[in-house]
Amino acid sequence: MPELPEVETIVCELRAQCLGRSITSAELLRGDMLKRTADTFDSFAAFFMGRFFQGIDRTGKFITFHLDNGNKLIAHLGMTGKFISAKNGDPDPAHLCSRYRFADGGWLGHVDIRRFGRLELYRSDEEIESLKGLGIDPLSSQFEADSLLKFVHSPGGNKRRTRAVHTLLMDQSLIAGIGNIYASEALYLAGIRPSRHGGKLTKRDRERLAEAVVQVLRASIRACGTTISDYRRVDDKPGSFKEMLAVYGRPGEPCQACGSEIKKVKIGGRSAFYCGKCQR
DNA sequence: CCAACGTCCTGCGTGC
DNA sequence: TGCACGCAGGACGTTG
């Protein structure tokens, strides 16, 4: 499940793979992946033909491909999305959703087994709606403990939030890029229970949590992300952060700090993992 | 306005 | 052995 570190890894590799290569054709093989516009197989192809990728960047878990004419392709990988680098004659992988062929014979494939991901096309200066509502990127220089004040109070109201901090961490409109894995890992590092109400976080909690978020995301980027099952880099190699996970996917194992058993609970319909002794 | 829940989708593990 | 079922989860739409 690509979260911020996995998407960051993929974007770096996409830049190295794709920037400046002339696109001769593009195919939309799964029309249901394209949202927002009613482009057809033909207009999708025309959108890319004769162009090249001038820049590729990440906002939260979204990838923006900037074409040289100012148009943009937005991609979200959902649960099982990935990009693969292939050469002329390579067989189509299963679940190929879209493909971008380059003049040198190579192509970039976009694969998504469960199709929770999405593609969007934007022409010239259209506002990118999918990025508009996103919260702060935790790797930006503006991210600090005060960024988590939104966890305590809603922007407008005075009432303290009752949603679990685990759920708040995954709310893309508050912080962009954290999913289920890094929510559990950051809360473990910060010593905070995932079920704790956002409104009950102290200033000290928010400082520790903000620091933990940055720490775990940066560490995972250094390991090229976490491969549990589906996530793969563009070169098909797995990320290696799985072995560094302290609690996610480790129910019943001893906590590395205190030795007590790691617990698994459902919060907001999602699995959260924590140490009942270290996290309060 | 805020929160909670159902929905989409496929592959894999479990139990009968 | 084979089948049915439950589970995994990001974002969005609907409901409370």
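The sequence lines fix the lettering, A, B, ..., with proteins before strands; numbering per chain opens at 1. Heavy atoms only: backbone and side chains are in, while hydrogens, waters and symmetry mates are out.
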J.: In whole Å, I'd like the distance from the CD1 atom of A:I228 to the P atom of B:dT10.
T.: 22 Å
J.: Distance check, rounded to the nearest 0.5 Å: A:F53 atom CZ versus A:Q17 atom CD?
T.: 12.0 Å
J.: Calculate the interatomic distance between A:I267 atom CD1 and B:dC5 atom C1'; express it in whole Å.
T.: 16 Å
J.: Of A:A164 and A:H95, whose closest DNA chain B nucleotide lies nearer the 5' terminus?
T.: A:A164
J.: Would you mind classifying the nucleic acid contact of A:K266 as base, sugar-phosphate or nothing, using non-hydrogen atoms under 4.0 angstrom?
T.: sugar-phosphate
J.: What is the distance, rounded to the nearest whole Å, between atom CE of A:M33 and atom C1' of B:dT10?
T.: 13 Å
J.: For A:T9 and A:P5, indicate whether the former's side chain and the latter's backbone hold a donor-acceptor pair under 3.5 Å.
T.: yes
J.: Return whichever of A:F273 or A:E120 has its heavy-atom-nearest nucleotide of DNA chain C closer to the 5' end.
T.: A:F273
J.: Reading DNA chain C in the 5' to 3' direction, which nucleotide is the first one with an atom under 4.0 Å from a heavy atom of chain A, and which is the last?
T.: C:dA8 to C:dC12
J.: Given atom NZ of A:K159 and atom C1' of B:dC1, what is their separation to the nearest angstrom?
T.: 9 Å
J.: I want to check one thing: is the phosphate of B:dC2, taken as OP1 and OP2, less than 4.0 Å away from some side-chain N or O of A:S154?
T.: yes
J.: Can you see if the side chain of A:R161 gets near the phosphate of B:dA3 - specifically, an N or O under 4.0 Å from OP1 or OP2?
T.: yes
J.: What's the CG-P distance between A:D230 and B:dG11, to the nearest Å?
T.: 10 Å
J.: Classify the nucleic acid contact of A:T80 as base, sugar-phosphate or nothing, counting any heavy atom under 4.0 Å across all strands shown.
T.: nothing
J.: Centre of A:Y100's six-membered ring, under 6.0 Å away, within 45 degrees of the axis: is that where NZ or CZ of A:R51 sits?
T.: no
J.: Expressed as a whole number of angstroms, how long is the span from A:H166:NE2 to B:dA4:P?
T.: 14 Å
J.: Specify the residue among A:R270 and A:R163 whose closest nucleotide of DNA chain B lies further upstream toward the 5′ end.
T.: A:R163
J.: Hey, is NZ on A:K277 packed in by over 12 heavy atoms from elsewhere, all under 6.0 Å?
T.: no
J.: Write down the distance between CG (A:L77) and P (B:dC9), rounded to a whole number of angstrom.
T.: 18 Å
J.: Residues two or more places apart in sequence or in another chain: which of them pass salt bridge (Lys or Arg N to Asp or Glu O under 4.0 Å) with A:R270?
T.: none
J.: In terms of side-chain geometry, is the basic nitrogen of A:D57 or A:K72 positioned less than 4.0 Å from the acidic oxygen of its partner?
T.: no
J.: For residues 104-118 of chain A, pull every pair meeting salt bridge (Lys or Arg N to Asp or Glu O under 4.0 Å), keeping only residues two or more places apart or in separate chains.
T.: A:R21-A:D104, A:D32-A:R115, A:R114-A:D230, A:R118-A:E120
